[in-house]
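Order of the sequence lines fixes the chain letters, A, B, ..., with proteins taken first and strands second; residue numbering starts at 1 for each chain. Any value given below was found using the heavy atoms of this structure, including those in side chains, with hydrogens, waters and symmetry copies removed.
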Protein chains: 2
Amino acid sequence: MQVTPELLSRFTLLKPLPRQVLEGLAPHASLVRHARREVVVRAGVREDRVCFLFEGRLQGVGHTIDGREVGLYFIEPGDFCGELALFDDNPQPEFVIATAAATVVFLARNPLREVMLNSSSVSNIVGRKLAERVRQMTEQRTLLGLSNIDQRVCGQLYLLIKGGQRQGESGEIVNPPTHQEIAIMLNISRERVTRAFQALQSRRIVRRDGPGRLVIIDLNSLRRFARGEEEL
Amino acid sequence: MQVTPELLSRFTLLKPLPRQVLEGLAPHASLVRHARREVVVRAGVREDRVCFLFEGRLQGVGHTIDGREVGLYFIEPGDFCGELALFDDNPQPEFVIATAAATVVFLARNPLREVMLNSSSVSNIVGRKLAERVRQMTEQRTLLGLSNIDQRVCGQLYLLIKGGQRQGESGEIVNPPTHQEIAIMLNISRERVTRAFQALQSRRIVRRDGPGRLVIIDLNSLRRFARGEEEL
DNA sequence: AATTGCTTGTGACTCTGGTCACGTCAATTT
DNA sequence: AAATTGACGTGACCAGAGTCACAAGCAATT
């Protein structure tokens with residue numbers, strides 16, 4: 001499906017680009033819908049495109065040698081993935097899967113790379129994004145260091161709350177990941193995630209609101225549990 | 001201590017730079033020796049320099065909220081760290097500590113950034129390195145997905161063997177990390193690492209050779225254990 | 001309305017890995 | 001040489017996480 005320059009400018013990475021550049025990129029972009037559970041980016045393949053998420057949620061997943069799934073990161077709308085292809089020709093290290101029905105824009109790698117090289121402001125933006133990715137991975141890895149598993153779950157939920165809401169007393173997570181998806185992020189079993197959620201729900205700290213919405217009733221308590229100041 | 005352009009050119013990142021550029025950078029570089037256990041780069045601080053490792057070994061470590069140490073990556077001679085400062089002004093997310101007496105070259109951030117922006121070939125190199133870092137972190141994270149802990153240890157040892165030796169039937173690790181340092185990389189206890197090593201040593205798969213050298217006697221077996229094809 | 005498929009919920013059992021409390025050993029300092 | 005320090009080694013105990021098995025809930029489809 002065709003993509004307009006306007007659509008491209010909805011992404012934070014591309015927004016600062018001049019209109020003219022966006023018009024040059026648009027013909028190399030295509031809009032694709034992915035059903036839940038579909039593979040969006042393949043591991044081990046030299047991808048020739050970068051994937052921008054318009055709506056839905058994606059998850060980067062790796063695989064251990066014995067076939068177990070490992071959750072690496074979540075991608076929220078407006079963000080992108082597969083950006084390693086912009087820097088070298090090595091294959092993608094991980095799969096990216098749609099954890100909710102997703103609309104993505106694939107943008108051919110080479111034109112974007114050109115834009116990146118010719119405009120230092122663009123390569124700055126891409127570089128900053130990659131740096132941010134490293135910080136995000138570091139933060140996620142640090143979560144795994146917590147010995148108390150309930151802490152990990154609370155910490156993960158906290159990371160899933162959109163930045164703007166983190167100040168308030170309550171928040172929400174739209175299209176929350178399944179317990180299984182959280183489990184592989186935190187290196188724990190699905191059942192253990194369920195039990196952690198049970199504890200949080202019985203204490204009125206979180207509440208499910210239909211299939212696609214998780215309400216964080218008491219954000220302060222969630223923070224305290226994540227910090228280990230209080231135990232579940 | 002003063003640094004010569006020749007010294008700078010010993011680092012893979014800087015090697016491709018023209019002599020003239022290296023001469024411009026040298027005045028902004030300084031050579032520092034760090035004793036074992038010393039902090040080389042601080043977390044939470046806006047570092048204004050990038051750290052190149054000349055000899056020794058460094059380890060990036062994070063801290064959980066409850067103070068537990070988390071091992072993130074090892075830095076080998078010729079490699080560098082603190083490169084996020086080149087991309088944005090946000091603080092360093094992790095500490096970097098010398099796990100063996102180390103000689104490092106600090107290179108001021110801004111001059112290097114200038115070089116990077118003016119030469120697309122240099123920004124390519126830096127970008128490739130950052131992409132490589134992401135791959136490395138992904139690989140390390142995937143190790144943690146292994147349910148069998150002995151597998152993790154074997155996998156970690158395998159990663160510690162320098163690339164060139166991985167083909168052969170045997171190998172070595174110079175200045176191997178302590179059990180504690182491995183433990184925090186793999187999210188397990190120091191004692192558990194010791195027990196894994198006991199098992200490997202009693203099966204004549206690895207052997208300590210003095211304080212600073214670990215010999216991998218049977219690399220094929222190590223690989224099999226890492227893959228879970230055989231159990232310790 | 002029934003079926004299918006996926007997610008969540010829950011109990012029981014097992015067993016691994018963390019923790020604690022030591023002891024040993026080698027290297028370095030005093 | 002004695003003392004100190006830090007790394008490594010080892011046993012015993014036990015909380016807690018994984019696993020298995022199955023039930024229940026919910027959506028989408030037939």
Side-chain angles (χ1 to χ4, degrees), chain A residues 35-38 57 59 64 66-71 97-101 144-153 157 173 175-202 206-214 228 231-232, chain B residues 35-38 57 59 64 66-71 97-101 144-153 157 173 175-202 206-214 228 231-232:
Chain A
R36 181 173 164 67
R37 294 255 116 203
E38 271 186 349
R57 176 183 276 121
Q59 182 176 32
T64 60
D66 55 351
R68 185 181 290 252
E69 273 192 326
V70 175
I97 288 171
T99 64
L144 296 185
L146 294 168
S147 44
N148 184 322
I149 286 201
D150 294 315
Q151 259 181 285
R152 285 194 218 169
V153 175
L157 284 180
I173 300 172
N175 291 326
T178 65
H179 294 180
Q180 175 62 24
E181 283 153 10
I182 295 175
I184 62 173
M185 293 287 288
L186 300 177
N187 252 18
I188 56 184
S189 67
R190 195 268 311 165
E191 293 89 332
R192 192 59 186 78
V193 176
T194 299
R195 292 188 224 272
F197 267 84
Q198 286 310 303
L200 286 171
Q201 276 162 2
S202 72
V206 307
R207 175 170 57 82
R208 278 209 88 97
D209 183 20
R213 191 152 169 274
L214 185 73
E231 291 225 344
L232 279 177
Chain B
R36 182 174 163 68
R37 293 259 114 202
E38 271 185 348
R57 176 184 276 122
Q59 182 176 31
T64 60
D66 56 349
R68 184 181 292 251
E69 273 192 326
V70 175
I97 289 173
T99 64
L144 297 184
L146 294 168
S147 46
N148 184 323
I149 286 200
D150 294 315
Q151 260 181 286
R152 284 193 219 169
V153 174
L157 283 180
I173 300 172
N175 291 326
T178 65
H179 294 181
Q180 176 62 25
E181 284 153 9
I182 294 175
I184 61 173
M185 294 286 288
L186 300 178
N187 252 17
I188 56 183
S189 68
R190 196 267 311 165
E191 291 90 333
R192 192 59 187 76
V193 177
T194 298
R195 293 189 224 271
F197 267 84
Q198 286 311 304
L200 286 172
Q201 276 163 1
S202 73
V206 308
R207 177 169 56 84
R208 277 209 87 96
D209 182 21
R213 189 152 170 273
L214 184 73
E231 292 224 344
L232 280 177

* Name the nucleic acid region contacted by A:T178, choosing base, sugar-phosphate or nothing; use a 4.0 angstrom heavy-atom cut-off, strictly under. => sugar-phosphate
* To do: Taking all heavy atoms of A:A35 and all of A:A98, pick out the closest pair and write down the distance.
  => O-CB, 3.7 Å
* Structure fact -> The single option from A:R190, A:R37, A:R57 that satisfies salt bridge (charged side-chain N to carboxylate O under 4.0 Å, His left out) with A:E181 is A:R37
* Structure fact -> Nearest-nucleotide check on DNA chain D, A:G210 vs A:N148; residue mapping nearer the 5' end is A:N148
* Upstream residue (5' side of DNA chain D) when A:D150 and B:E191 are each assigned their closest nucleotide -> B:E191
* Between D:dA7 (P) and B:F197 (CZ): distance, integer Å -> 14 Å
* Answer yes or no: does a side-chain N or O of A:R190 lie under 4.0 Å from OP1 or OP2 of D:dA17? => no
* Phosphate OP1/OP2 of C:dT8: any A:R208 side-chain N/O under 4.0 Å -> yes
* Structure fact -> Atom CD1 of B:I149 and atom C1' of D:dG18 are separated, to the nearest Å, by 12 Å
* Asked: Looking at A:Q201, does any N or O in its side chain come under 4.0 Å of the phosphate oxygens OP1/OP2 on C:dG9?
  -> yes
* Asked: Can a side chain N or O of B:R36 be found less than 4.0 Å away from OP1 or OP2 on D:dA7?
  -> yes
* Donor/acceptor link under 3.5 angstrom from B:R195 side chain onto base of D:dG11 -> yes
* To do: Give one of base, sugar-phosphate or nothing for A:R152, where a contact means two heavy atoms less than 4.0 Å apart.
  => nothing
* When you check the side-chain N and O atoms of A:R36 and A:T99, is any donor under 3.5 Å from an acceptor? -> no
* Asked: Does A:Q198 put a side-chain nitrogen or oxygen below 4.0 Å from OP1 or OP2 of C:dT10?
  -> yes
* Please state how far atom CD in A:Q180 lies from atom P in C:dG5, giving the value in whole angstrom units. => 19 Å
* OP1, OP2 of D:dG9 versus side-chain N and O of B:H179: anything below 4.0 Å? -> yes
* To do: Find the distance between CZ (A:F197) and CG (A:D150) and round it off to the nearest 0.5 Å.
  => 11.0 Å
* Structure fact -> Rounded to whole Å, CG of B:L144 lies from P of C:dG17 at a distance of 14 Å
* Measure from CG on A:L186 to C1' on D:dG18 and round the result to the nearest Å. => 15 Å
* With distance as the sole test, does A:N187 use its side chain to make a donor-acceptor pair with the main-chain N or O of B:L144 at under 3.5 Å? -> yes
* Which part of the nucleic acid, if any, lies within reach of A:N187 when heavy atoms closer than 4.0 Å are counted: base, sugar-phosphate only, or nothing? -> sugar-phosphate
* To do: Please report, rounded to the nearest Å, how far the C1' atom of C:dT28 is from the CZ atom of B:R37.
  => 17 Å
* **Distance in angstrom units between B:L214 CG and D:dC8 P, rounded** => 11 Å
* **Atom-pair distance (CD on A:Q151; P on D:dA17), nearest Å** => 11 Å
* 5'-most by nearest nucleotide on DNA chain C - A:T194 or A:S147 -> A:T194
* To do: Look only at the side chain of A:R152 and the backbone of A:L186, and say whether a donor-acceptor pair between them is shorter than 3.5 Å.
  => yes
